[in-house]
Amino acid sequence: MSETQEDGSTVTRTETEPEWDDEQRALMLEYLRWQRRLGPHGHPMDEATSPLADPANRDGTYRYYADPLPIVDYAERERALAAEAYRKNLGDGESMAGLIFTVERIPVDRSTRK
């Protein structure tokens, strides 16, 4: 916004608006709360650990089924293999506590393949 002063000079002022409004912030906070409830399998932990899911519970209302054929997370596989190789090279008694193995996605050069 520009304003002209009494002496004829112009003053420019920038007014910024918040990036998120109250409703958007509330929705994001609720999403983060929901996400924290999820277990490593992607299901809410309160449901996954509920007696209602227990196969031995005759009054249970749902069950979980794990596909016997796994999918391969290739990024996680490479990370785990790197950690395993590093662990093998460590001396006895050495800790891997706090070590993070990063994974980078790199393009494959198909021009050199037959």
Side-chain angles (χ1 to χ4, degrees):
M1 171 185 292
S2 296
E3 296 177 357
T4 302
Q5 303 293 309
E6 288 181 14
D7 64 0
S9 63
T10 302
V11 176
T12 303
R13 182 173 39 140
T14 303
E15 292 183 19
T16 58
E17 295 181 10
E19 192 171 338
W20 299 47
D21 64 25
D22 290 341
E23 181 183 11
Q24 290 169 324
R25 269 192 301 281
L27 288 170
M28 180 53 76
L29 289 172
E30 186 55 37
Y31 169 72
L32 292 172
R33 280 190 217 63
W34 172 81
Q35 195 175 42
R36 280 194 301 269
R37 291 178 47 226
L38 297 181
H41 37 61
H43 295 271
M45 286 302 292
D46 60 331
E47 293 176 11
T49 60
S50 170
L52 296 175
D54 184 352
N57 180 359
R58 287 191 209 202
D59 297 324
T61 57
Y62 55 94
R63 301 287 182 259
Y64 288 98
Y65 167 80
D67 191 325
L69 297 175
I71 60 170
V72 179
D73 177 338
Y74 294 102
E76 174 57 20
R77 183 176 185 279
E78 287 301 312
R79 189 209 59 77
L81 289 172
E84 187 177 290
Y86 191 86
R87 186 178 299 111
K88 285 180 182 178
N89 288 325
L90 280 178
D92 286 340
E94 294 295 321
S95 173
M96 287 185 47
L99 300 183
I100 298 171
F101 294 84
T102 61
V103 178
E104 180 181 352
R105 180 180 165 189
I106 56 173
V108 173
D109 182 2
R110 295 188 162 273
S111 65
T112 60
R113 289 187 171 186
K114 292 182 180 181

In one Ile/Leu/Val/Met/Phe/Trp/Tyr side-chain cluster, 4.5 Å: Met96, Leu81:
no
Under a 4.5 Å side-chain heavy-atom rule over Ile, Leu, Val, Met, Phe, Trp and Tyr, are Val103 and Tyr74 clustered together?
no
Ignoring hydrogens and angles, tell me if any N or O in the side chain of Glu78 forms a donor-acceptor pair with the backbone of Ala75 under 3.5 Å.
no
In chain order, what residues pass the side-chain contact (heavy atoms from CB on, under 4.5 Å) check against Glu17, with sequence neighbours excluded?
none
List the atom of Leu38, the atom of Met45, and the distance in Å for their closest heavy-atom pair.
C-CG, 4.2 Å
Under 6.0 Å from the CD atom of Glu23, do we count more than 12 heavy atoms belonging to anything else shown?
no
Can you establish whether the number of heavy atoms outside Tyr86 located under 6.0 Å from its atom OH is more than 12?
no
Asp7 and Ser9: which non-hydrogen atoms are nearest, and at how many Å?
OD1-OG, 2.6 Å
Compare every heavy atom of Asn57 with every heavy atom of Arg63, then report the nearest pair and how far apart it is.
NH2-O, 3.1 Å
Roughly how far, to the nearest 0.5 Å, is OG1 of Thr61 from CG of Asp54?
11.5 Å
Who are the side-chain contact (heavy atoms from CB on, under 4.5 Å) partners of Ala53, not counting sequence neighbours?
Tyr62, Tyr64
Side-chain donor or acceptor of Arg25 paired with backbone N/O of Trp20 under 3.5 Å
yes
If you count heavy atoms of other groups shown closer than 6.0 angstrom to CD of Glu19, is the number above 12?
no
Let me confirm one number: the CZ-CD distance from Arg77 to Glu84, rounded to the nearest 0.5 Å.
10.0 Å
Could you pull out all residues at least two apart from Gln35 that satisfy side-chain contact (heavy atoms from CB on, under 4.5 Å)?
Tyr31, Leu32
